[in-house]
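Some notes on the structure that comes next.
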Amino acid sequence: MDAREWIERFAELVEAEADHLTRLDAAIGDGDHGTNLNRGLRAAMASLHADLPPGKVLTTAGRALISKTGGASGPLYGTALRRAGKALGDTPEVGAGELATALRAALEGVRELGRAEEGDKTMIDALAPAVAAYAATAAEGMPAAVRAALDAAEKGAEATIPLQARKGRASYLGARSVGHLDPGAASTVLLFRALADVTPAGA
Amino acid sequence: MDAREWIERFAELVEAEADHLTRLDAAIGDGDHGTNLNRGLRAAMASLHADLPPGKVLTTAGRALISKTGGASGPLYGTALRRAGKALGDTPEVGAGELATALRAALEGVRELGRAEEGDKTMIDALAPAVAAYAATAAEGMPAAVRAALDAAEKGAEATIPLQARKGRASYLGARSVGHLDPGAASTVLLFRALADVTPAGA
Amino acid sequence: MKKLIDAVDDVVLDALRGMAAAHPSLRVDLDERIIARADAPRPGKVGLVSGGGSGHEPLHGGFVGYGMLDAACPGEVFTSPVPDQILAATNAVSGGAGVVHIIKNYTGDVLNFQMAAELAGDDDIEVVPVMIDDDVAVQDSTFTAGRRGTGATLFAEKTAGALAEAGGSLSEVAAVATEVNERTRSFGVALTACTVPAAGRPTFDLGEDEIELGIGIHGEPGRERTRLRTASEIVDVALSAIDDDMPLSGSEVLVMVNGMGGTPLMELYAAYAAVADWLSGHGATVGRRLVGNYVTSLDMAGCMISVCRLTPRLAELWDAPVETPGLRWGR
Amino acid sequence: MKKLIDAVDDVVLDALRGMAAAHPSLRVDLDERIIARADAPRPGKVGLVSGGGSGHEPLHGGFVGYGMLDAACPGEVFTSPVPDQILAATNAVSGGAGVVHIIKNYTGDVLNFQMAAELAGDDDIEVVPVMIDDDVAVQDSTFTAGRRGTGATLFAEKTAGALAEAGGSLSEVAAVATEVNERTRSFGVALTACTVPAAGRPTFDLGEDEIELGIGIHGEPGRERTRLRTASEIVDVALSAIDDDMPLSGSEVLVMVNGMGGTPLMELYAAYAAVADWLSGHGATVGRRLVGNYVTSLDMAGCMISVCRLTPRLAELWDAPVETPGLRWGR
Ligand SMILES: Nc1ncnc2c1ncn2[C@@H]1O[C@H](COP(=O)(O)OP(=O)(O)O)[C@@H](O)[C@H]1O
Ligand SMILES: Nc1ncnc2c1ncn2[C@@H]1O[C@H](COP(=O)(O)OP(=O)(O)O)[C@@H](O)[C@H]1O
Ligand SMILES: [Mg+2]
Ligand SMILES: [Mg+2]
Ligand SMILES: [Mg+2]
Ligand SMILES: [Mg+2]
């Protein structure tokens, strides 16, 4: 897996979907999720010097996200990428197994920082099943595992719709948060779509 | 002519047309002419004790208008009625001739206070031709004269439409005041319509 | 129409009740509808009275207090006060040294204050009227109603109030208000109309990409409707109009970026950045400044820019302590 | 969307430039995006830093100055500041006695301040965070994000700022901010949504006869949508919710009727009249009050009511001199 391509693709998808993410956030949050991630990911792209090893790409991008995004999603996504990068260490090549470790570390980072559980209607609801699906399928190779992760992220995100939010701004709405897709879960789907997009079928 | 009936009828017409007057004022002024006159005329009605002679009815109503209306129209209409009332003095009966004198005094009062000329796009543009038409027709008796005054007021008001305002709030709009009926001229038409309404055909 | 009110007809009175409850330093007479300093009248002090339609808050009631107005008389929304009210305010603050009326130049205000002054004369109170007409959007001419009074009103109330507080005589206090008016020009821009409670609908319709240039403070449309412009462009239009009428180069100025009521403070500061750039680019020095909602037009979005060419004396009067609900420093 | 801005992406920076130009008593760092007192750091004085998304002006930048905040770090509109910014502000005001962070309880603010505090710790600056969560519209629970921080932020900044100015220690300053938060409850109501510049459209759609009860300060909808109500009814909903959570009878209170940005001051005073009536009818005494736009949500119409049960000590700290762009008395 090429970490830089992953982040680049994530940034492209977020830019294309920024308006949609912002609209989702306007419904149950404060209407800035797309703008936030877009700003953060541009900064992340700008921070990536040439020829960094994959782990370093992710920690650098993560730090930039933390530094430039603001909001809840900045520290959360930033921490996710940093933890993933740290888990990769100096490895020059990321295989299916390394990626599994990295994804698990990312999830752990988000959990620790945000203290959200599955079912709280946050990005965790997409991230956790995606990471689990990846792990369960990793033995079949990266393309299959990435595909499974994306499917699980999508299902997880969809599944946030009927939930009542207990974390993040949407929690302020109480029962009125029910019936809406969580914006952070939606952007997490894009993270995994980006991963699928940059994972060649034969990898 | 029964002065109290006149004022009562004027108040009724203004109440019925208040929204229209306010709308006219919103177009080229500040959107309160109907509200203003309505408030003032209610106060005027409340101020009228029983059994006042016609002159006293008009001075009392005029003073109430000044005291309670605010805006440009309050002092102007108030002064008009007061001057008219003063011109009537203690006369118990108002005939065609007395009314001519009273109307002239009213016009003079408005002119002195507001310093507007005909053509400035103000109530003067309805009041002045109405007073002139009344005077020119007074010899034919009050019903005819009143009818002529109303016609002239209507024509005068209509004629304010193409004018550029030089007095009152509409003057701030410069050329943009062109194409709108002056609200004060429109309410002056109601003053004369009220007069016509309370003047029996055989008076 | 959505308003935070109980009833359309009561809003002015309810706001007065709120002022009364909120500001123990003011004496609010709900019957006469006047807001006066609790310590008025002060024997020997020139009284300073202003007033006008409601809907411009904090003007005028919010500027009653130490170092500014002695009393204000709020009319109905956008409607001048009535003579009885103005007379009551004049009586309430008359300490024997005369009373200055600061009057925004609108026919209604002028006529009602004029009638009140006549009545005050009957009571042997000497009243000197000062007319404020600083709005350059309106052509000045002896054949018309003349220019409107807008932002200069605040400047005049502050400086004349300081001088009255310091013991200035009737003619001195009136003179400084007159001087401030002569040295001040304003120009306003509306991004939206406002809604007068009694009318229930916006005072005019404006497209999503249209603005009004040269507005007053009564929700009236301006001299010209144009496409939406940037803050810098709007500031350029306003300051150019002011500069054409009263060259600013070489002057030290007091400048106000005044919100019309519905524009966030963040945007007013963004506009002020453009104002500061423009002025320094045109050779003027900003000596004093005010950014915020001071002379409003209900919930209208937009701003009005006022510029006063200072003198050392005016700067001193501006800096003098003031303690009112709407403007406060030095105490 | 109609905004008095140059470009959507520059509005926060332009507003900062405006603040810098308008207030010589502030040191505005446009690169770091912080607003600090010109005299910071003051050796031996506890530093007081707050910050949050922009769009709430005058909060927080307008409350930097003598007797209140030492620095503020404004994020993008409705977006918490980033750790670098918070760290820069913390460094700028650190006089060796530690720094208190006043943090409104939003996940984004909490996380970013937390990261900054860790970084500050690396620089050997002792940071004590104080969380503000006064909004009773949100159910409090350990399983959720908890209550939002709203109006109590101003109360905490004012009182803690006074204590820091008077030489209070790090723990004392933090304790008073905590105490104020514990003694304060708020409830907000929106008559309209607001428009975030970057989004370009209102944050929610609301019918002509609908309002949102229990809103926050980020343009988010409230807990409940209901039909339009009178000011007195709205005040009753808000104060009843507050009173249910923290009984007010018998207390002397500091109360704020805070405009959300788009509601005219006249209406806020009308609402304050209803507040004063309600409180006296429920056995509470108003000791101090504030009516105006202090903690806003861009151009949202509506208001938020905050009530703090005073102690003599808190009243004293409230009354202490303050000199900031947004709040000033005693100097
Ligand atoms: N405690 C949390 N743990 C995990 N994710 C969270 C948490 N709080 C919020 N989020 C995620 O962040 C998203 C909102 O991000 P964003 O809109 O950028 O930040 P903000 O809420 O500060 O405006 C939510 O949709 C949710 O998925
Ligand atoms: N100087 C004047 N002389 C005569 N009539 C005037 C003058 N100024 C204004 N008016 C009349 O007053 C009307 C406006 O009245 P109104 O709306 O009640 O007062 P305001 O302009 O103070 O809001 C105008 O339409 C015009 O006919
Ligand atoms: Mg958000
Ligand atoms: Mg009018
Ligand atoms: Mg009017
Ligand atoms: Mg946000």
Side-chain angles (χ1 to χ4, degrees), chain B residues 18-19 21-23 25-40 42-43 63-79 82 109-110 112-117 119-123 164-177 180 184, chain C residues 8-9 51-55 73-85 87 106-116 135 137-139 141 143-148 193-205 212 214-225 297:
Chain B
D19 232 51
L21 295 174
T22 289
R23 236 178 264 240
D25 195 32
I28 54 171
D30 61 348
D32 62 0
H33 186 55
T35 322
N36 287 348
L37 271 190
N38 215 12
R39 180 176 54 243
R42 272 187 210 164
R63 178 161 311 171
L65 276 180
I66 292 173
S67 282
K68 299 295 180 191
T69 313
S73 55
L76 290 167
Y77 273 115
T79 297
R82 284 190 65 208
V110 174
E112 258 177 43
L113 190 62
R115 295 175 197 283
E117 318 265 322
D120 282 355
K121 195 174 184 119
T122 69
M123 58 174 70
Q164 173 165 338
R166 281 191 298 256
K167 286 282 154 63
R169 285 179 196 284
S171 68
Y172 306 139
L173 286 179
R176 286 181 82 189
S177 63
H180 296 273
Chain C
V8 160
D9 290 338
S54 292
C73 30
E76 289 297 319
V77 175
F78 292 171
T79 301
S80 67
V82 294
D84 301 19
Q85 236 181 318
L87 180 63
Y106 301 95
T107 308
D109 294 59
V110 173
L111 297 183
N112 284 283
F113 269 93
Q114 185 178 317
M115 301 209 143
D135 180 2
V138 174
Q139 291 309 313
S141 146
F143 302 109
T144 67
R147 290 179 164 173
R148 295 173 286 214
C194 60
T195 300
V196 176
R201 71 185 80 82
T203 51
F204 52 84
D205 295 317
E212 288 276 342
I215 53 143
I217 57 173
H218 295 89
E220 64 271 49
R223 298 280 295 195
E224 194 192 341
R225 179 168 295 196
S297 191

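All values derive from a computational prediction rather than experimental measurement. Naming convention: chains lettered A, B, ... in sequence-line order (proteins, then strands); numbering from 1 in each chain.
Most heavy-atom pairs under 4.5 Å with chain B, from the set M115(C), H218(C), R147(C): that is H218(C). Here P75(B) is the residue among A26(B), P75(B), A175(B), G114(B) with the most heavy-atom pairs under 4.5 Å with chain C. The candidate from L111(C), D205(C), T107(C), T203(C) with the greatest count of non-hydrogen atom pairs under 4.5 Å with chain B is L111(C).
Of all non-hydrogen atoms in A199(C) and G31(B), the two that sit nearest each other are CB-O, 4.3 Å. Shown here for V82(C) and G70(B), the closest heavy-atom pair between the two residues is CG1-N, 3.3 Å. In plain terms, the two heavy atoms of T35(B) and A198(C) that are nearest each other are CG2-CB, 3.9 Å. Across all non-hydrogen atoms, the minimal contact from Y172(B) to R223(C) is O-CD, 3.1 Å. The two residues R169(B) and Y106(C) have their closest heavy-atom pair at NH1-CD2, 3.5 Å. For the pair A145(C) and G168(B), the tightest heavy-atom approach, listed with the atom from each and the gap, is CB-N, 3.8 Å.
Contacts of R225(C) with chain B are made by both backbone and side-chain atoms, with heavy-atom separations under 4.5 Å. Only the side chain of T22(B) comes within contact range of chain C, with heavy atoms under 4.5 Å apart. Only the side chain of E76(C) comes within contact range of chain B, with heavy atoms under 4.5 Å apart. Residue Q114(C) touches chain B through its side chain alone, counting heavy-atom pairs closer than 4.5 Å. S177(B) does not touch chain C: none of its heavy atoms, backbone or side chain, sits under 4.5 Å away. Contacts of F204(C) with chain B are absent, with no heavy-atom separation under 4.5 Å from either backbone or side chain. P221(C) touches chain B through backbone and side chain together, each having a heavy atom under 4.5 Å away.
The backbone N or O of G219(C) lies less than 3.5 Å from no partner atom in the side chain of D30(B), so there is not a single donor-acceptor pair. A donor-acceptor pair under 3.5 Å links the side-chain atoms of R176(B) to the main chain of G222(C), judged by distance alone.
Side-chain contact between D9(C) and R39(B) is absent, with no heavy-atom pair separated by less than 4.5 Å. For the pair D32(B)/V77(C), no side-chain contact is recorded, criterion being any heavy-atom separation below 4.5 Å from C-beta on. Within the 4.5 Å cutoff, the side chain of S171(B) has no heavy atoms near those of the V138(C) side chain.
Applying the 6.0 Å contact sphere to CZ of R115(B) captures no more than 12 heavy atoms from other residues, nucleotides or ligands.
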